[in-house]
Protein chains: 2
Amino acid sequence: MAKASTKPKLDLVRGDDSYATIPEAFRNVLGYHLRVAQEASFQAFSAAVDKADLKPGWYSILTILSEYGELTPSDLSRVCGRDRSTLTATLKGLVIRGLIERHQNPDDQRSYSVRLTDDGHKMQRRLHAIAHKHDQRLDEIAGDDKDVVLAVLARIVNALGTG
Amino acid sequence: MAKASTKPKLDLVRGDDSYATIPEAFRNVLGYHLRVAQEASFQAFSAAVDKADLKPGWYSILTILSEYGELTPSDLSRVCGRDRSTLTATLKGLVIRGLIERHQNPDDQRSYSVRLTDDGHKMQRRLHAIAHKHDQRLDEIAGDDKDVVLAVLARIVNALGTG
DNA sequence: AACAAATATTTTGTCATCAAACTATCTTGC
DNA sequence: GCAAGATAGTTTGATGACAAAATATTTGTT
């Protein structure tokens, strides 16, 4: 409703596919721009990783393990900010590919931890190189505003929770 | 690798579930914070919509239609920045629920357009009320930095493309 | 010691996203 | 007028996410 006077139907038809028309209702809406920017960023990283025949989902897990050494799936899920159940399939794949190995916890039969293998370390470095290039690109785009943006994003996460 | 000296394993175990420990490797990385913040924002909106027994995916489509009046799935996909194939299922659901209706294009048998029904308009307003509250919350969190953040997010999308 | 409660992980179901393959239809060029 | 190519939409398959239910095991209580 609102202002039904101007219906911008026409300029939708554009040859290039850059995102032509932002609906008026979303123009000032952080959530919308957050979603679109995150999707763009992920797709760009994904494409770069894909060219090397790797999976984008591996990067964060391998990197966290390279930093923390050894973690249970639950701790890993807390650190990377995703639900535990999301990790199961990825971890299974990483084990199969020999990039991580499981260690049964001798004190608790329910629990195990994962750590990088040598191949896992190598793969982490490969992925990190790709990720780092992507980060640099984002940093250039953000320029001097980077710190402000990081601060706002952190406030959003703290205020709304991780999920 | 890098600095294997301090492995912060310990403070992971926290009673609350606010995101405790950001891996050092991600602390300054826009892409990571973008992903986590977007996920948090989406989950918060999703939860609010869910309480009213609605679907978050409906909101953007209904709102775009309320603004543009009548669109083909392809144009809708361009406006909302998602792939065409993503819309198929949602549009089907919206038709079934009587929130939108399809109109065959008389000049092209392949093509149709969708527009809101009266129920669709009502539903759009309900969802908008929820979305608006969510937006206000994000606006409060962003405070004076909102415009800077919006500008950076827009630059990211323009530089990396919509997907 | 036994049963209840908490915890660690997996499984299942839903949804959103893209890309690529497929179908149907329209347009173009010859 | 007909075949080739472009376009609109759908389907299928992969990935990634959550939540809720199911399993297995440990801990705590009486």
Side-chain angles (χ1 to χ4, degrees), chain A residues 12-13 15 17 35-47 49-51 53-61 71-78 80-95 102-114 160-163, chain B residues 12-13 15 17 35-47 49-51 53-61 71-78 80-95 102-114 160-163:
Chain A
L12 282 180
V13 188
D17 47 36
R35 177 178 76 70
V36 178
Q38 137 67 16
E39 185 67 29
S41 163
F42 176 74
Q43 289 298 324
F45 177 58
S46 204
V49 164
D50 205 60
K51 261 196 297 200
D53 249 319
L54 312 175
K55 304 282 173 206
W58 294 354
Y59 172 60
S60 56
I61 290 175
L71 290 174
T72 65
S74 289
D75 283 342
L76 193 49
S77 123
R78 271 186 285 272
C80 72
R82 288 184 251 164
D83 194 89
R84 264 168 274 167
S85 59
T86 306
L87 298 178
T88 307
T90 310
L91 291 179
K92 202 179 292 182
L94 288 168
V95 170
R102 302 162 92 116
H103 267 263
Q104 192 60 45
N105 178 345
D107 299 334
D108 189 336
Q109 290 310 114
R110 295 168 303 181
S111 177
Y112 65 90
S113 55
V114 288
L160 303 184
T162 40
Chain B
L12 282 181
V13 189
D17 46 35
R35 177 178 76 72
V36 178
Q38 137 67 17
E39 186 67 29
S41 163
F42 176 74
Q43 288 300 321
F45 177 58
S46 203
V49 163
D50 205 60
K51 260 196 297 197
D53 250 319
L54 311 175
K55 304 283 174 204
W58 295 352
Y59 173 59
S60 55
I61 290 175
L71 290 175
T72 65
S74 289
D75 283 342
L76 194 50
S77 123
R78 272 186 284 271
C80 74
R82 289 184 250 164
D83 194 89
R84 265 168 275 167
S85 60
T86 307
L87 299 179
T88 307
T90 310
L91 291 180
K92 202 180 292 181
L94 288 169
V95 170
R102 302 163 92 115
H103 267 263
Q104 192 59 46
N105 179 344
D107 299 335
D108 189 337
Q109 290 309 115
R110 294 168 303 180
S111 176
Y112 65 90
S113 55
V114 289
L160 303 184
T162 41

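Model, not experiment: these values are computed from the prediction. Every chain is numbered from 1, with letters handed out A, B, ... down the list of sequences.
- Summarising the geometry, the separation between CD on B:Q104 and C1' on C:dC26 is reported as 13 Å, rounded to the nearest angstrom.
- We find the CG-CZ distance between B:L76 and B:R82 to be 8.0 Å, quoted to the nearest 0.5 Å.
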Worksheet entry | Evaluation steps, side chain to side chain donor-acceptor pair (under 3.5 Å), between B:S60 and A:R35 | CA-CA 12 Å; B:S60 55; A:R35 177 178 76 70; 5.2 Å; no
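- Nearest nucleotide to the B:R102 side chain, out of D:dT10, C:dT9, D:dA17: D:dT10.
- Rounded to whole Å, atom C1' of D:dG16 lies 12 Å from atom CD of B:Q38.
- Going from atom NZ of A:K92 over to atom P of D:dA14 covers 16 Å, rounded to whole Å.
- Between A:D108 and A:Q104, the shortest heavy-atom distance links the atoms O-NE2, 3.6 Å.
- Going from atom CG of B:L87 over to atom OG of B:S74 covers 9.0 Å, rounded to the nearest 0.5 Å.
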With the criterion being N/O to N/O and under 3.5 Å, what pairs connect the protein with nucleotides 24-26 of chain D, and how long is each?
unit_1: D:dT25; atom_1: O2; unit_2: A:R110; atom_2: NH1; d: 3.1
unit_1: D:dT26; atom_1: OP1; unit_2: A:Q109; atom_2: N; d: 2.8

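- With hydrogens and angles disregarded, no donor-acceptor distance shorter than 3.5 Å links the side chain of A:T72 to the backbone of A:Y112.
- At whole-Å resolution of the value, CZ in A:R84 and C1' in D:dA21 are 13 Å apart.
- In this structure, B:V114 and B:L94 have side chains that are not in contact, with every pair of non-hydrogen atoms separated by 4.5 Å or more.
- Within the 4.5 Å cutoff, the side chain of A:R102 has heavy atoms near those of the A:V95 side chain.
- Put simply, CG on B:L91 is 15 Å from C1' on D:dT11, counting in whole angstrom units.
- Distance, B:Y112 OH to C:dC26 C1': 18 Å, rounded to whole Å.
- Put simply, CG on B:L71 is 11 Å from P on D:dG9, counting in whole angstrom units.
- Side-chain nitrogen and oxygen atoms of A:S111 include at least one within less than 4.0 Å of the OP1 or OP2 phosphate oxygen of C:dT9.
- A:Q43 has its side chain within reach of A:E39: a pair of non-hydrogen atoms, C-beta onward, lies under 4.5 Å apart.
- Rounded to an integer number of Å, the gap from A:D50 CG to C:dC18 C1' is 11 Å.
- Here CZ of B:F45 is found 11.0 Å from CG of B:D50. Values are rounded to the nearest 0.5 Å.
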Identify all pairs in which a protein N or O lies below 3.5 Å from an N or O of nucleotides 12-16 of chain C, and state each distance.
unit_1: C:dC15; atom_1: OP1; unit_2: B:K55; atom_2: NZ; d: 3.3

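- Contact annotation for A:S46: no contact, since no heavy-atom pair falls under 4.0 Å across all strands.
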